[in-house]
Participant: 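One structure, pasted below without further comment.
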Protein chains: 2
Amino acid sequence: MTTLTSPAIEYDLEIDLVTRFFQVLSDPTRVRIIELLLDGEQNVSELVHGLGVPQARVSSHLACLRWCGYIGTRREGKFIYYRITDPRVSELMQLARTIMAGNAEAIASCLRLNEETA
Amino acid sequence: MTTLTSPAIEYDLEIDLVTRFFQVLSDPTRVRIIELLLDGEQNVSELVHGLGVPQARVSSHLACLRWCGYIGTRREGKFIYYRITDPRVSELMQLARTIMAGNAEAIASCLRLNEETA
DNA sequence: TGGTCATATCTGATTATAAAGATATATCAT
DNA sequence: ATGATATATCTTTATAATCAGATATGACCA
């Protein structure tokens, strides 16, 4: 076997879901937003301040998280408050950190492309 | 507040780790490899067959997963066997699926860019 | 109604990721 | 040594995600 590639089971749609689920968590701004919201509801201005990134960027990441059901909103006058909707998100982050704990240095320089650090 | 962006806490390195951790799981081929390996050790040829994707691609994704400590290897003659090193990876995948279960349709069309499906 | 503040969306440019395909390394058998 | 098989790496090229900045919407207040 040199290069080929038999038919195998046809592409699984469920895998794409899992993939996207994790992809949402693979952006630093989004992860930081989640961390902030795990400490309690915040409106956009508060998040912008807490994150230190431009408002447009925060909004677009919030849109992503919201669209995917990680977070929910509530309007109060001019302000829109965001919150984590599923408490298990907290579990997920904890579990990830636990797993990571062992091989943090490795992950830091991972990702198959930038292997200069090795 | 229109666009600005106060200093805030300086950029957290740990967040980048978490981000990368999840990023590894945000590629369909890598997720499929993990799923396969959760059922037991396999060598590259078996994976190539099971996945139905070119060998070079499988190898490069394996390199990524290995580099990041998700999987380990063992040589047996010409063959190299890969296995999941941390059993908690299984927990992680289960938890992700559980959380996803509720908002699968949403995630399917998420990611902030391709919102045509909406 | 006009103005201001909070938030959301759009457009183009930049950067990061992944795919293809060729080629290299390593092990075994003859 | 030679050839064959298994696996890894490299070099483009293509694609997809992110960002910045401008602009739009929507609520409140004077």
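Just so it is clear: chains get the letters A, B, ... in the order the sequence lines come, proteins before strands, and each one is counted from 1. Both backbone and side-chain heavy atoms feed into the values below; hydrogens, waters and symmetry mates do not.
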Participant: Specify the separation, in whole Å, of atom CD of B:Gln23 and atom C1' of D:dA17.
Facilitator: 10 Å

Participant: Is B:Arg57 close enough to C:dG21 that one of its side-chain N or O atoms is under 4.0 Å from OP1 or OP2 there?
Facilitator: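 Checking C:dG21 against B:Arg57, no side-chain N or O comes under 4.0 Å of OP1 or OP2.
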
Participant: Quick one: B:Phe79 CZ to D:dT5 C1', roughly how many Å, whole number?
Facilitator: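 Value for this atom pair: 8 Å.
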
Participant: Decide whether B:Ile80 and B:Ile34 are clustered together by the hydrophobic rule: side chain heavy atoms of Ile, Leu, Val, Met, Phe, Trp, Tyr closer than 4.5 Å, transitively.
Facilitator: yes

Participant: Rounded to whole angstrom units, what separation is found between the CD1 atom of B:Ile33 and the C1' atom of C:dA18?
Facilitator: 13 Å

Participant: Side chain of A:Ala63, heavy atoms from C-beta onward: which of C:dT9, D:dA8, C:dT7 has the nearest atom to it?
Facilitator: C:dT9

Participant: Among residues 69-78 of chain A, which contact DNA chain C at a heavy-atom distance under 4.0 Å?
Facilitator: A:Lys78

Participant: A:His49 has an atom NE2; how far is it from atom P of C:dC5, in whole Å?
Facilitator: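 From A:His49 NE2 to C:dC5 P: 17 Å.
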
Participant: A:Asp27: what forms a salt bridge (charged side-chain N to carboxylate O under 4.0 Å, His left out) with it, not counting sequence neighbours?
Facilitator: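 If we apply the salt bridge (charged side-chain N to carboxylate O under 4.0 Å, His left out) test to A:Asp27, skipping adjacent residues, there are no hits.
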
Participant: Counting only side-chain heavy atoms from C-beta out, which of C:dA20, C:dA22, D:dT7 sits nearest to B:Pro54?
Facilitator: C:dA20

Participant: Taking CZ from A:Arg66 and P from C:dA8, how many angstroms apart are they, rounded to a whole number?
Facilitator: 8 Å

Participant: Which nucleotide in the list D:dA20, D:dT7, C:dA8 gets nearest to the side chain of B:Ile80?
Facilitator: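 The nucleotide sitting nearest to the side chain is D:dT7.
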
Participant: Just how far, in rounded Å, is P of C:dC5 from CD of A:Glu46?
Facilitator: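 One finds 18 Å between P of C:dC5 and CD of A:Glu46, rounded.
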
Participant: Looking at B:Gln55 and D:dA6, is any side-chain donor or acceptor paired with a base atom of the opposite kind under 3.5 Å?
Facilitator: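 Such a pair does not exist between side chain and base.
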
Participant: When you measure from the side chain of A:Thr29, which nucleotide among D:dC19, C:dA22, C:dT7 comes out closest?
Facilitator: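 When the side chain of A:Thr29 is considered, D:dC19 is the closest of D:dC19, C:dA22, C:dT7.
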
Participant: Show me the pairs that pass salt bridge (charged side-chain N to carboxylate O under 4.0 Å, His left out) and involve residues 59-70 of chain A, at least two apart or across chains.
Facilitator: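 As it turns out, there is no salt bridge (charged side-chain N to carboxylate O under 4.0 Å, His left out) pair with a partner in residues 59-70 of chain A once direct neighbours are skipped.
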
Participant: Determine: side-chain N/O of B:Tyr82 to OP1/OP2 of D:dA8, distance under 4.0 Å, yes or no.
Facilitator: yes

Participant: In terms of side-chain heavy atoms of A:Leu62, which of C:dA8, D:dT9, C:dT7 is nearest?
Facilitator: C:dA8

Participant: Do you reckon B:Tyr81 sits in the same ILVMFWY cluster as B:Leu62, going by side-chain contacts under 4.5 Å, direct or chained?
Facilitator: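 Not linked; separate clusters.
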
Participant: Would you say A:Gln23 and A:Thr19 are linked by a side-chain donor-acceptor pair, where the criterion is simply a distance under 3.5 Å?
Facilitator: no

Participant: Calculate the interatomic distance between B:Asp27 atom CG and D:dA17 atom C1'; express it in whole Å.
Facilitator: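 Rounded to the whole Å, the gap is 14 Å.
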
Participant: Picking from D:dT7, C:dA19, C:dA8, which would you name as closest to the side chain of B:Val44?
Facilitator: D:dT7

Participant: For B:Glu35, what residues pass the side chain to side chain donor-acceptor pair (under 3.5 Å) criterion, not counting sequence neighbours?
Facilitator: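 For B:Glu35 the side chain to side chain donor-acceptor pair (under 3.5 Å) partners, ignoring immediate neighbours, are B:Arg97.
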
Participant: Taking only the side-chain nitrogens and oxygens of B:His61, find out if one of them lies under 4.0 Å from OP1 or OP2 of C:dT17.
Facilitator: no

Participant: What is the separation between atom CZ on A:Arg32 and atom C1' on D:dT18, rounded to the nearest whole Å?
Facilitator: 15 Å

Participant: Would you please confirm or rule out a distance under 4.0 Å between OP1 or OP2 of D:dT5 and any side-chain N or O of B:Ser45?
Facilitator: no

Participant: Taking only residues two or more places apart in sequence, or in another chain, which ones meet A:Glu41 in a side chain to side chain donor-acceptor pair (under 3.5 Å)?
Facilitator: A:Arg74

Participant: Going by ring pair (Phe, Tyr, Trp, His ring centres under 6.0 Å), name the residues that satisfy it together with B:Tyr82, two or more places apart in sequence or in a different chain.
Facilitator: none

Participant: Return whichever of B:Tyr81 or A:Ser26 has its heavy-atom-nearest nucleotide of DNA chain D closer to the 5' end.
Facilitator: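 Taking each residue's closest nucleotide, the earlier one in sequence belongs to B:Tyr81.
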
